[in-house]
Amino acid sequence: MSIPTLSYSDILEPLEELRGSLDRATYPLETPAVAEAREQRGDIVSQLDDYILPRYKSLDAPLLAVVGGSTGSGKSTLVNSLVRECVAAVSAIRPTTRRPLLFHNTQDAQWFEPTRILPGLERVAADRGAGDAHSELALAASDHLPSGLALLDSPDIDSVVEENRRLAGQLLNAADLWVFVTSAARYADAIPWALLDEAAARNVVVAVVLNRLPMGAGAEVRPDLARRLEERGLGAVPLFSITERLDEEGFIPREDIAPVRGWLQGLARDAGARSSVARQTLGGAVDGLLAQRRAVLEGLTEQFGTRDRLAAAVEDASAATEQSIVSALGDGSMLRGEVLERWQEIIGTGAWMKRLEGGVSSLRDRMGSWIRGKRKPDGAATEDAIEDSLHSLFVAQCEDTLAAISTAWTNIPGAQPLLDAARRNVRSHVERSEAATESIRAWQRDVIDMIREEGHGRMATARALSVGVNLLGAALMITIFASTAGLTGGEVAVAGGTAVLAQRLLEAVFGDDAVRRMARQARESLLIRASAFLAADTAPFDDAVAGIDLDSDNYDAVVAAFAAVAAARGKESR
């Protein structure tokens with residue numbers, strides 16, 4: 001008889017949505033909470049695939065009872081005795097059970113031969129030879145089991161082999177009920193009780209078999225075991241005692257195993273009882289799944305937060321550097337040293353100031369005498385000095401930025417692999433220096449082109465030619481650095497005077513408005529080139545952040561799916 005159809009449609013859809021969103025959820029960064037988050041996510045996905053979704057989709061499938069317990073507790077002997085066949089391996093060598101073995105009634109093969117449950121385990125015949133036992137599920141049909149119930153012999157939960165312990169936990173999570181086997185010698189061990197505590201927390205249907213009980217020991221051991229079960233909220237679970245006797249075939253005597261067999265057969269034959277087991281264990285499994293969401297969501301939140309911190313570190317360092325460059329271009333510090341010396345070599349502050357004060361005609365006279373004389377003014381030396389000064393500024397500021405990003409990322413947990421990868425892609429000092437030279441020279445060419453373009457009128461062209469395009473370009477570069485805020489002592493008077501002279505020279509040729517416009521454009525062009533130069537070095541860090549495989553939309557989907565499952569579970573409980 002089938003389990004009556006249950007109205008679980010409301011919860012099945014959000015469970016499937018949760019499975020899909022968890023499958024897409026990623027934890028690419030090695031952050032502090034990532035290990036637990038990955039583990040909990042993996043547990044939830046396995047629980048959904050191995051048990052929860054298959055059971056909701058096939059409520060009339062046979063119940064699966066997993067026989068699990070401690071090393072040497074006699075699980076395989078118990079299973080062989082229930083089916084009266086020596087199929088499960090029995091040995092004194094530990095661990096004995098490596099490949100899990102599932103017994104089912106001949107009529108129930110269609111429920112277990114496909115991968116309806118435990119889809120990650122390959123189905124093999126029970127008599128198959130050696131293989132990868134931890135990835136296989138052996139199947140055996142037995143008419144000694146009633147239809148509607150299957151038994152699964154599991155590896156030891158406390159096996160010395162880690163893969164055995166992991167597989168045992170997976171199988172127990174895929175069960176409708178647990179037949180927990182312990183012995184008089186092992187019933188007080190910590191690991192089995194930790195597993196039983198988990199069963200109590202998840203409200204899993206459990207039966208406990210106290211196996212291999214020496215004659216005369218039952219009066220002492222069974223009450224102590226019952227007391228321990230009661231203390232852990234498992235006082236109502238069926239508790240069966242079996243002596244250590246075996247018959248001539250190596251099975252537990254029929255009379256000794258009869259209570260366990262009778263309880264299992266009663267479940268198999270009673271549709272209402274099977275329905276009750278399915279409801280209780282399914283509900284407990286979903287509740288356990290919901291209890292794990294905190295770690296999953298906190299781990300995802302931490303991933304996004306770390307990515308945001310990495311991006312912010314790059315953005316903050318870049319912004320600080322760009323502001324430093326803006327300040328350096330406007331605080332007058334660019335007018336000190338070599339730049340001032342080269343400019344003064346060309347024009348000489350005092351004489352030129354007097355002629356500028358005499359008006360434009362006096363300036364033109366000075367230009368004419370220069371043209372007729374031995375030499376013509378040329379701003380090339382000043383341009384070279386400006387190039388050197390800007391080059392030092394660009395390279396130093398960029399390298400300071402890289403150092404700031406590296407320091408910030410070093411202090412962010414989980415960022416080291418990204419930092420190492422980004423550093424490998426950052427250009428070398430030589431490449432950076434060459435790029436700075438190219439960028440600054442391109443800007444200087446832009447300035448000269450601007451001077452030529454501005455002097456396209458006949459009168460302005462004559463004036464520009466009389467002064468010299470390069471000299472005017474140098475004057476325009478001097479003008480955009482015209483501030484004495486970053487200078488001290490005698491530098492203030494000298495720099496201030498030469499900066500004013502450069503501006504007056506430009507105004508004499510082009511006029512006030514044109515000079516202001518050209519200075520603004522030249523400054524903006526320089527800042528754009530400085531930003532592009534900096535971005536070329538920070539690009540590997542930006543690329544590293546952009547390459548972090550995180551989907552904020554899917555995060556929202558995970559949150560929504562958990563909430564929908566919780567809401568549907570609440571309705572189901574009522």
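Side-chain contact annotation: Ser73 with Arg186, donor-acceptor N/O pair under 3.5 Å absent. Side-chain contact annotation: Ser76 with Asp153, donor-acceptor N/O pair under 3.5 Å present. Counted by atom type alone, Gln170 and Ser46 present zero donor-acceptor pairs between their side chains at under 3.5 Å. Under 3.5 Å, the side chains of Asn554 and Ser21 contain no donor-acceptor pair of N or O atoms.
More than 12 non-hydrogen atoms from other residues, nucleotides or ligands lie less than 6.0 angstrom from CD of Glu244. Open room surrounds CZ on Arg254; 12 or fewer heavy atoms of other groups in view lie less than 6.0 Å from it. Atom CD of Gln110 has more than 12 neighbouring heavy atoms from other residues, nucleotides or ligands inside a 6.0 Å radius. Counting non-hydrogen atoms of neighbouring residues, nucleotides and ligands closer than 6.0 angstrom, the CD atom of Gln107 reaches no more than 12 such neighbours.
A salt bridge is absent between Arg424 and Asp420: the closest approach of a Lys/Arg side-chain nitrogen to an acidic carboxylate oxygen does not fall below 4.0 angstrom. Ion pairing of Lys571 with Asp10 is absent here, as no side-chain N (NZ or NE/NH1/NH2) approaches a carboxylate O to less than 4.0 Å.
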Could you please spell out the steps behind the side-chain contact (heavy atoms from CB on, under 4.5 Å) verdict for Phe112 and Arg123? CA-CA 9 Å; Phe112 303 106; Arg123 272 44 174 177; 5.5 Å; no
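In this structure a side-chain-to-backbone donor-acceptor pair under 3.5 Å is present from Gln303 to Leu29. With hydrogens and angles disregarded, no donor-acceptor distance shorter than 3.5 Å links the side chain of Arg232 to the backbone of Asp197. Between the side chain of Ser81 and the backbone N or O of Thr77 there is at least one donor-acceptor pair closer than 3.5 Å.
Relative orientation of the Trp409 and Phe541 rings is perpendicular, given thresholds of 30° and 60° on the angle between their planes.
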